Amino acid sequence: MRTLWIKVITTVVALTLSATIGLAAEPAPKAAGGAKALAKTGPAKPADTKAPAAKQELVDINSASDAELKAIPGLGDAYIAKIVVNRPYANKAQLVSRKVLPESVYEKVKDRIIAKQIKKEDKKADPKAAAKPEPKKK
């Protein structure tokens, strides 16, 4: 008799548990207005976990100051000095190919940097170019 009650109670608990799990897996019923209710309240927005990263500007390794490079986590004074000395870069991958940064450090900072190229118009306005005397014409 005792084993019969244990089987009955176990069965009831199992059925209750499976019904609870089944109801939890079903989507919530829609509001009476359907699409109209969604239009008024707007769709639910997912949490913006990547919003701060998207707003962050990329740092140009060809023109950034030491302070701008120091703001990048993972770059210390020694790496910053190497980056500045070995300028210009055609692309950011040259930091590894020129052995300025090890691969592990590059993987940490590659999403925060860019290697912009100087346009011909910018070269004319470059202060270094303006400091050079023009050759004399005969």
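Throughout, numbering of the chain's residues begins at 1 and tracks the sequence. Not measured: the values here are computed from a predicted model.
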Which value, rounded to the nearest 0.5 Å, describes the distance between [X] atom [atom1] and [Y] atom [atom2]?
{"X": "I6", "Y": "T11", "atom1": "CD1", "atom2": "OG1", "value": "11.5 Å"}
{"X": "D66", "Y": "I83", "atom1": "CG", "atom2": "CD1", "value": "9.5 Å"}
{"X": "Q117", "Y": "N62", "atom1": "CD", "atom2": "CG", "value": "6.0 Å"}

Next item on the list: Taking side chain to side chain donor-acceptor pair (under 3.5 Å) as the test, write out the residues that go with K116, two or more places apart.
Entry: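 Here no residue qualifies.
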Note to self: For S104, is there any backbone N or O sitting under 3.5 Å from a side-chain donor or acceptor partner on E107?
What the structure shows: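 Side chain of E107 to backbone of S104, a donor-acceptor pair under 3.5 Å: no, none is there.
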Checklist line | Nearest non-hydrogen partners of L58 and D111, listed with the distance | finding: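 Between these two residues, the closest heavy atoms are CD2-O, 3.2 Å.
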Notebook entry, point to check: Do you know which two heavy atoms are closest between P73 and V109, and how far apart they sit?
Noted result: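 It is O-CG1, 3.5 Å.
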Check: What about V59 and Y79, same hydrophobic cluster or not, with Ile/Leu/Val/Met/Phe/Trp/Tyr joined at side-chain heavy-atom distances under 4.5 Å?
Finding: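 In one cluster: yes.
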Checklist line | Common cluster, V84/I61, ILVMFWY with side-chain heavy-atom separation under 4.5 Å | finding: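 Yes; tracing contacts between hydrophobic side chains, which count when under 4.5 Å, links both residues.
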Item checked: Summary of side-chain hydrogen bond (donor to acceptor under 3.5 Å, both in side chains) pairs that have at least one residue in residues 80-96, sequence neighbours excluded ->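 Every pair satisfying side-chain hydrogen bond (donor to acceptor under 3.5 Å, both in side chains) with a residue in residues 80-96: Q94-R98.
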Next item on the list: Walk me through it: do I80 and I72 pass the test side chain to side chain contact (heavy atoms under 4.5 Å, CB included)?
Entry: CA-CA 10 Å; I80 291 170; I72 301 172; over 6 Å; no
Margin query: Quick one, V105 and L95 - any side-chain contact, counting heavy atoms below 4.5 Å?
Written below: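 In short, these two side chains do not touch, never coming nearer than 4.5 Å.
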